[in-house]
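Pasting in a structure now, in structure tokens, and then I'll have a few things to ask.
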Amino acid sequence: MRIVMDPSVTLDDAETVPFKLKWQFGDYVKKKKDVPYEVIYRTPEKTEVHLVDDHVIGERYWTLSGPGITKMAAKLRDQVKTISVDDIPSYVDATKAEKVKHGIAFAALLAPEKFDKRFFAWFERGFSHRNPDVREQAIVGSGYVGWKELREKLEEVAENDSDAEIRKSAKLMLEGFELQDRGELEE
């Protein structure tokens, strides 16, 4: 389960939560080119919680696994402002490209495992947006979701986008999916 933080929540804000809730520090992952900064905690209820400051998609979020994730998600939502699926349209439909980029990222991070028409429509808006940064965010976001329907859309972008850099990014994402399908790339 992912709990996505509102863009107004700073890393400092997020890092105070584990101390308030008396979680045990477990480990951390250093930020690298394609690897986000991550801090791993264990709660008294034995829930594993990862604080992720993801520079790749440009958002901060929590991932939860193990027992008690529903209760832990509620606790996190009480501590910091978060984004829900219901918030996505106001971002994706915005006039400012930066806000639309956030919306595409939220859709990627909150998308269900199985194909969903509503989320797909948000990605389609991103792929066809006039701003290349938004189209790039749709490409990046598709890597978080992985639906075959998004792969088909990536093929269209790789062939037809007006921006050479966007076509190149779409091709790279497709190559990554192919490597993953062959078991040559970690998920």
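If you're wondering where the values come from, they're calculated on a predicted model, not measured in any experiment.
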Quiz item: Does the side chain of Arg125 reach to within under 4.5 Å of the side chain of Val134, using non-hydrogen atoms?
Solution: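 Of all side-chain heavy-atom pairs linking Val134 with Arg125, none is under 4.5 Å.
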Quiz prompt | Under 3.5 Å: donor-acceptor pair, side chain of Asp13, backbone of Thr10 | solution =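 Yes; at least one donor-acceptor contact below 3.5 Å.
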Quiz item: Where the side chain of Gln137 meets the backbone of Lys101, is there a donor-acceptor pair that is under 3.5 Å apart?
Solution: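 Side chain of Gln137 to backbone of Lys101: a pair is present.
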Quiz item: So, His50 side chain and Val52 main chain: donor-acceptor pair closer than 3.5 Å or not?
Solution: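 Not at all, since once roles are kept as given, no pair shorter than 3.5 Å links the two residues.
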Quiz item: Short question: side chain of Arg42, backbone of Gln24 - any donor-acceptor pair under 3.5 Å?
Solution: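 No.
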Quiz item: Is there side-chain contact between Val157 and Arg135, with at least one heavy-atom pair below 4.5 Å?
Solution: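 A side-chain contact under 4.5 Å is absent here.
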Quiz item: Is it true that the side chains of Asp6 and Ser8 contain a donor and an acceptor less than 3.5 Å apart?
Solution: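 Short answer, yes.
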Quiz item: For Glu45 and Thr43, what are the C-alpha separation, side-chain angles and deciding distance, and is it a side-chain hydrogen bond (donor to acceptor under 3.5 Å, both in side chains)?
Solution: CA-CA 5 Å; Glu45 299 83 6; Thr43 72; 3.1 Å; yes
Quiz item: Would you call Ser84 and Phe106 a side-chain contact if the rule is heavy atoms closer than 4.5 Å?
Solution: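 SC-SC contact between Ser84 and Phe106 ruled out.
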Quiz item: Under 4.5 Å between any side-chain heavy atoms of Leu76 and Leu64, yes or no?
Solution: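 SC-SC contact between Leu76 and Leu64 confirmed.
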Self-check item: Tyr61-Val80 co-clustered via ILVMFWY side chain contacts under 4.5 Å
Solution: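 Different clusters: Tyr61 never reaches Val80 through Ile, Leu, Val, Met, Phe, Trp or Tyr contacts under 4.5 Å.
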Quiz prompt | Minimum side-chain heavy-atom gap Ser142-Met173 below 4.5 Å | solution =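 A side-chain contact under 4.5 Å exists here.
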Quiz item: Would you say Trp62 and Thr82 make side-chain contact, with heavy atoms under 4.5 Å?
Solution: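 They are not in side-chain contact.
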Practice problem: Check whether any side-chain N or O of Trp147 sits under 3.5 Å from a backbone N or O of Glu113 as a donor-acceptor pair, and report yes or no. | Solution: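 Checking the backbone N and O of Glu113 against the side chain of Trp147, a donor-acceptor pair under 3.5 Å is found.
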Self-check item: Whether His102 and Tyr91 hold their rings parallel, tilted or perpendicular, with breakpoints at 30° and 60°
Solution: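 Plane angle over 60°, so perpendicular.
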Quiz item: Does a side-chain N-to-carboxylate-O contact under 4.0 Å join Arg2 and Glu59?
Solution: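 Salt bridge between Arg2 and Glu59, a charged N being under 4.0 Å from a carboxylate O: no.
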Quiz item: Parallel, tilted or perpendicular: which describes the rings of Tyr41 and Trp23, with under 30° parallel and over 60° perpendicular?
Solution: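 Tilted: the ring planes of Tyr41 and Trp23 meet at 30° to 60°.
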Quiz prompt | Arg60 side chain vs Asp54 backbone, donor-acceptor pair below 3.5 Å | solution =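 The answer is no, because no donor-acceptor pair under 3.5 Å joins these two groups.
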